[in-house]
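All figures in this text were calculated on a predicted structure; none of them were measured in a lab. Each residue takes its place number in the sequence, starting with 1.
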Amino acid sequence: MANIKSQIKRNRQNLAAFERNRAVRSSLRTYIRTFRSAADAGDRDAAKSAYDIAARALDKAATKGILHKNTAANKKSGMAKRLQTLA
């Protein structure tokens, strides 16, 4: 355990950020899973709306530094390609 007051505060802040980021990553996985299940079912309208929600969430996570921007772009690209095959 840290003895320095600023380090104790830093540890507390890191823990709060970790919990916040973990919640965001979990919701991202849920959005992507929702898209995949709609795409597997062949429901283009549901897949399109799920893609829009997931893409926005991925962009926000990349902006906030929770995901790397290339990771978000790669996931969006894969989903967009999958969406195009449902036409």
Next on the checklist: side chain to side chain contact (heavy atoms under 4.5 Å, CB included) for Arg22 and Glu19? Distances and angles first, verdict last.
Outcome noted: CA-CA 5 Å; Arg22 188 166 69 167; Glu19 292 295 331; 2.9 Å; yes
Next on the checklist: Are there over 12 heavy-atom neighbours, none belonging to Arg25, within less than 6.0 Å of that residue's CZ?
Outcome noted: yes
Next on the checklist: With rounding to the nearest 0.5 angstrom, report the NZ to CZ distance, Lys76 to Phe35.
Outcome noted: 13.0 Å
Under 3.5 Å, sequence neighbours excluded: what are the donor-acceptor pairs made by side chains of residues 10-17?
| residue | atom | partner | partner atom | Å |
| --- | --- | --- | --- | --- |
| Arg10 | NH1 | Gln13 | OE1 | 2.7 |
| Arg10 | NH2 | Asn14 | OD1 | 3.4 |
| Asn11 | OD1 | Gln7 | NE2 | 3.0 |
| Asn11 | ND2 | Gln7 | O | 3.4 |
| Asn14 | ND2 | Arg10 | O | 3.4 |

Next on the checklist: Could you check whether Lys48 pairs with Asp52 (Lys NZ or Arg NE/NH1/NH2 to Asp/Glu carboxylate O, under 4.0 Å)?
Outcome noted: yes
Checklist entry - Quick one: CZ on Arg36 to CZ on Arg29, what's the gap to the nearest 0.5 Å? => result 11.5 Å
Checklist entry - For Ala61 and Val24, which heavy atoms make the closest approach, and how far apart are they? => result CB-CG1, 4.3 Å
Checklist entry - Would you say Leu83 and Met79 are hydrophobically clustered, going by side-chain heavy atoms of ILVMFWY under 4.5 Å? => result yes
Checklist entry - Has the side chain of Thr34 got a donor or acceptor atom that lies under 3.5 Å from a matching backbone atom of Thr30? => result yes
Checklist outcome for this item: All heavy atoms of Ala39 vs all of Leu86, minimum pair found to be O-CD2, 3.6 Å
Checklist entry - Salt bridge or not for Arg33 and Asp40, using N-O below 4.0 Å? => result no
Checklist entry - Roughly how far apart are Lys81 NZ and Thr85 OG1, rounded to 0.5 Å? => result 10.5 Å
Next on the checklist: Pair Leu58, Tyr31 - check side chain to side chain contact (heavy atoms under 4.5 Å, CB included), show working.
Outcome noted: CA-CA 9 Å; Leu58 285 166; Tyr31 295 142; over 6 Å; no
Under 3.5 Å, sequence neighbours excluded: what are the donor-acceptor pairs made by side chains of residues 62-72?
| residue | atom | partner | partner atom | Å |
| --- | --- | --- | --- | --- |
| Thr63 | OG1 | Asp59 | O | 2.8 |
| His68 | ND1 | Asn70 | N | 3.0 |

